[in-house]
Amino acid sequence: MKTRYEPADVEPRIAQTWLDSGITHPEPEGDASENYSIAIPPPNVTGVLHMGHALNNAVQDTLIRRARQQGKRSKWILGTDHAGIATQTVVEKELKSLGSSREEIGREQFISRVWVWRERYGGEIIEQIRRLGSSVDFSEERFTMDEDYARAVMKVFVDLYDKGYIYRDRYLVNWDPGSLSAISDLEVDDREVTDTLYYIDYPLASGHGAITVATVRPETMLADVAIAVNPDDERYQRLIGETAILPIVGRKLKIIADDYVKTDFGTGALKITPGHDPNDFEIGNRHGLPHPSVIGEDGWMEGEDVPERYLGIRAAEARDAIVAELDGLGLIERRESYTHTVPFSQRSGERIEPLISLQWFMRMDELARPAIDVVKRGEIRFHPEGQGKVYLDWMEKIRPWCISRQLWWGHQLPVWYHDDGRTHVAMTPPDGPGWERAEDVLDTWFSSALWPFATLGWPEQTAELRAFYPTDAMVTSRDIIFLWVARMVMMGIEFTGQIPFSDVYVHSIIQAPDGRRMSKSLGTGIDPRDLIDGGPRPPVFASAPGEDPGEFPAYGADAVRWGLLAMSSGQDVRFNEEKVSQAQQLNNKLWNASRLVLQRVDRSARAEARPQAPEDHWILARLERARAAVGEAIDSFEFSRAALALYDFVYGELCDWYLELVKPRLYDGDPDTAATLLHVLTETVTLAHPLIPFVTEEIYGFIPGSEGLLAGRFAGASAAISDSAAEDEVQRAIAAIQAIRTWRDAADVKPSAVLSARLRADGYDQTVAHLARLGRLELSAADGDGDAAAAAIVIPGGVIEILASGDVDLDAATRKRDAKRRELESEIRRAEGKLANKGFVDKAPEAVVAAERAKLEALRAELEAL
RNA sequence: GGGCGCGUAGCUCAGCGGGAGAGCGCUCGCUUCACACGCGAGAGGUCGGUGGUUCGAAACCACCCGUGCCCACCA
């Protein structure tokens, strides 16, 4: 065993061992109530691992390993998502670089090309997941485009259509001119844009004056169908019901009244263009207005309402031309610069063009109702709780979902249209001539919504489905609660009659160290692999702009996992490398603590708790507390608490004190000590294993008598071991040793100097040797006589008298004693004041008052001893 | 416009009704036979502000200031 733990030497080997052992593949036996399962949020096949995945995986692996330790059949369902737009875009780019395009090679060719691409690169992310140590069931990998999965998707579509949830309609959609597809509200980002707000006069039909409207999109005026004002707006009362003339086109526009119109914005008069604006679309519907269109799906002007001179030019050009024409007519009253937010496509980055389009929609309100109830009733719990409210708020006002996409890569709709206008929706094509299959595919999230059960073989009633559905936890980040989590709940209930999972853990989004989002293009993104195996730090780590940020050391997957868990909380957090480094040190510490034990115990020794001394009882009690603390933290999804509780135990109790106290007996080769140490070591790596699986597995392999893999080791429930007398004694000894060290430092005593001293204190019967060794004292019995004390160190229950020695700076020691006295006096005053307060004594709980009294007594005794 | 958070040591954060904590950084000391990715000791905070509840507030309430995110249809 090396003096340093080298994760790069260990982790890949251990990962392979786990893979070969089969422990991650449970047999599909029993039912879901006794088993444990998690469905992984399927990464995109185009994906590479990012920090979000790393944290997401760390959390799930911690949960699944803990469940496995508790003896449950535990399955972590693995798979990837076909990710419609993202994947199509990547392959299209590749085609473009070859000088071709999807249009050129045609749909069939294109799709087979995507499959080839997927074969080649789709496995990379799986490889990366393995490198993280994630104990997913690698033997069964799902893909949302697999045949079985596709069948489930088709069945769901057909069923929902038959039930009347899915329908086809002309509706205003978010049209993405970049991907040439409709997209859902959730795939849209708002960005701030500065536009020109034009005030345009629309002459009144009466010939008396004009009504002025404000718009940032004059080109859409060709599709205006009305002008709306607020019914309470006194300025326009008399005009309601009148008619205005649409400039350029000459169409008559009725002036209508609608509450939507704000009186304090623009002119208070709003041109109504239902074909190109979501609000106008709603207003138009309320008033039974038509919704003509003047902009096509490609962003060019088209339609019967477009004058010939504007046909076939881009909307942006049309805007300039129309503004020029209006200027010529003297109808533009004024212009204003106007900054507002407008929607952009998340994928293509293009500005959304709201268009009337014939699309497939899904009515959500009825499906939402039971999905709301299960959260309200607490059958599905969100962690942190607040996220449940976010979910409920969204569900309460859910809107129809546009599920068709004008893409090629995805689940093609099981829909056929006939020349004569008939529509056939079924799992199988219709008979006879004249039918053609719908070209559209489904929104990727439609298939993702079936993930927890379609991955287990649904709609077949498979053994896997029985054993592992419903799953237990869903681990995800906030940004896909609506896109994914909500839809899984709705579909799960609708098609299986059961909730798909009982706990939703919403983890942090890891931000760059400077608080910006992590992104490659910003230079803020971190590739977890660079953290694990070593690699360049991104520019954001530079101490000054332009400076070389250097390289990450090879921290290893354990360190990255522990670091991320320690960082994470209920809210977004900034990445800080120190936590990863802290984890590296923890791993190294555990490694070296193991070396201490393993190099000194006999190979025939076996782990068994055989406590002899007070510190043995103490560490066994502390171990149980740590097990309880870590376990409870994991069970309540408080991972940073779990990580830090482990750290505190390993450093603050095991290494700093127990190993130091036990060394003499260990060096003596005492068999009881060896057995107890092996027991403590085994239980420590077991308790740490869900958080840092690699290093603990490696250590476990070196423990004499260890059997099988730690990853498969059963960790029983915490036993109630406690020995308060021993615990008190050791705590007292620790405090005493610390006091001695502090005193020595203040008195300028060389660390190597051994001082003669007398112990005049009670309660150290079994720990006096520890005081002497770790305090570097030559202790003689307190017989009252002997040399005069040169100084006194206050320890719990008495003092240690230091006899005169050239090693002691008496002045410094005196200063130290005086400082201590002042500190004690001040604390005594505080305690006395508190106890003199009638309110405190009368109203505070008795235990609190008693504790305060005891504290005062102890303080007085200490002062007295000085 | 609604909603959810957050402001605690130089930095990143924990604590969430009874004597201010961790890691890193900083200072001093130490080749102590597991570990210098180490060991020991120490400095450093009017817990964003104001008011209130309470015997007692960093914690609970109100308001204010600062800050982050999510949702939403002001042209």
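All values reported here derive from a predicted model rather than from experimental measurement. Every chain is numbered from 1, with letters handed out A, B, ... down the list of sequences.
Nucleic acid contact for A:V390: none, since no nucleic acid atom lies under 4.0 Å from a heavy atom of the residue. Using a 4.0 Å heavy-atom criterion, one finds that A:F482 contacts the sugar-phosphate atoms exclusively. If you check every strand for non-hydrogen atoms under 4.0 Å, A:R4 touches a base. Among the protein residues, A:K663 comes within range of the nucleic acid bases, having at least one heavy atom under 4.0 Å from a base atom. Counting any heavy atom pair closer than 4.0 Å across all strands shown, A:F281 reaches no nucleic acid atom. Within 4.0 Å (heavy atoms only), A:G556 reaches no atom of the nucleic acid at all. Here A:L859 lies in heavy-atom contact (under 4.0 Å) with a base. Looking at heavy-atom distances under 4.0 Å, A:P845 makes contact with a base. Base contact: A:K855 has a heavy atom under 4.0 Å from a base atom. Among the atoms of the strands shown, none is found under 4.0 Å from any heavy atom of A:V841. Heavy atoms of A:E396 sit nowhere under 4.0 angstrom from any nucleic acid atom. Among the protein residues, A:P751 comes within range of the sugar-phosphate backbone only, with heavy atoms under 4.0 Å from sugar or phosphate atoms but none that close to a base.
Taking 4.0 angstrom as the limit, A:R744 places none of its side-chain polar atoms (N or O) nearer than this to OP1 or OP2 of B:G40. Put simply, A:H340 has no side-chain N or O that comes within less than 4.0 Å of OP1 or OP2 on B:C74.
In terms of polar N and O atoms assigned as donor or acceptor, the side chain of A:E827 comes within less than 3.5 Å of the base of B:G19 in a complementary pairing. With hydrogens and angles ignored, no donor-acceptor pair under 3.5 angstrom links the side chain of A:K262 to the base of B:A75. For A:R830 against B:G19, a side-chain-to-base donor-acceptor contact under 3.5 Å is present.
A:Y647 and A:W562 have tilted rings, their planes meeting at an angle from 30° to 60° on a 0 to 90° scale. Classification of the A:Y5-A:W591 ring pair by plane angle, with boundaries at 30° and 60°, yields tilted.
Checking B:C63 for Watson-Crick or G-U wobble geometry (two distances, each under 3.5 Å) identifies B:G49 as its partner. The nucleotide B:G1 finds its pairing partner in B:C71, both defining distances of the Watson-Crick or G-U wobble pair being shorter than 3.5 Å.
In this entry the distance linking CZ of A:R399 with P of B:C73 reads 6 Å, nearest Å. Rounded to an integer number of Å, the gap from CD1 of A:I398 to P of B:A72 is 12 Å.
Side-chain atoms of A:K579 and A:S581 include no donor-acceptor pair closer than 3.5 Å.
Taking all atoms of both residues into account, the shortest heavy-atom contact from A:R235 to A:T263 is NH2-O, 2.9 Å. Nearest heavy-atom pair across A:F281 and A:P274 is CD1-O, 3.3 Å. Nearest heavy-atom pair across A:H276 and A:V294 is NE2-N, 2.9 Å. A:I793 approaches A:A739 most closely through the heavy-atom pair CG2-O, 3.9 Å.
Contacts with RNA chain B (heavy atom under 4.0 Å) in residues 581-593 of chain A: A:Q582, A:Q584, A:Q585, A:N588, A:K589, A:N592, A:A593, listed by number.
With RNA chain B read from its 5' end, the first of the two nearest nucleotides for A:K843 and A:Y338 is the one closest to A:K843. Checking A:S640 against A:E852, the closest nucleotide of RNA chain B that is more toward the 5' end is the one next to A:S640.
With A:F482 as the fixed residue, the ring-ring contact (aromatic ring centres under 6.0 Å, His included) test singles out one of A:Y391, A:W401, A:W394: A:W394.
Nucleotides B:G5 and B:G19, compared at atom C1', are 31 Å apart to the nearest Å. Straight-line distance between the C1' atoms of B:A43 and B:C55: roughly 35 Å, to the nearest whole Å. Spacing between B:A57 and B:A22 at atom P, rounded to whole Å, works out to 24 Å. Nucleotides B:G40 and B:U31 are separated by 15 Å at their C1' atoms, to the nearest Å. Only the P atoms considered, B:A20 is 32 Å distant from B:C4, to the nearest whole Å.
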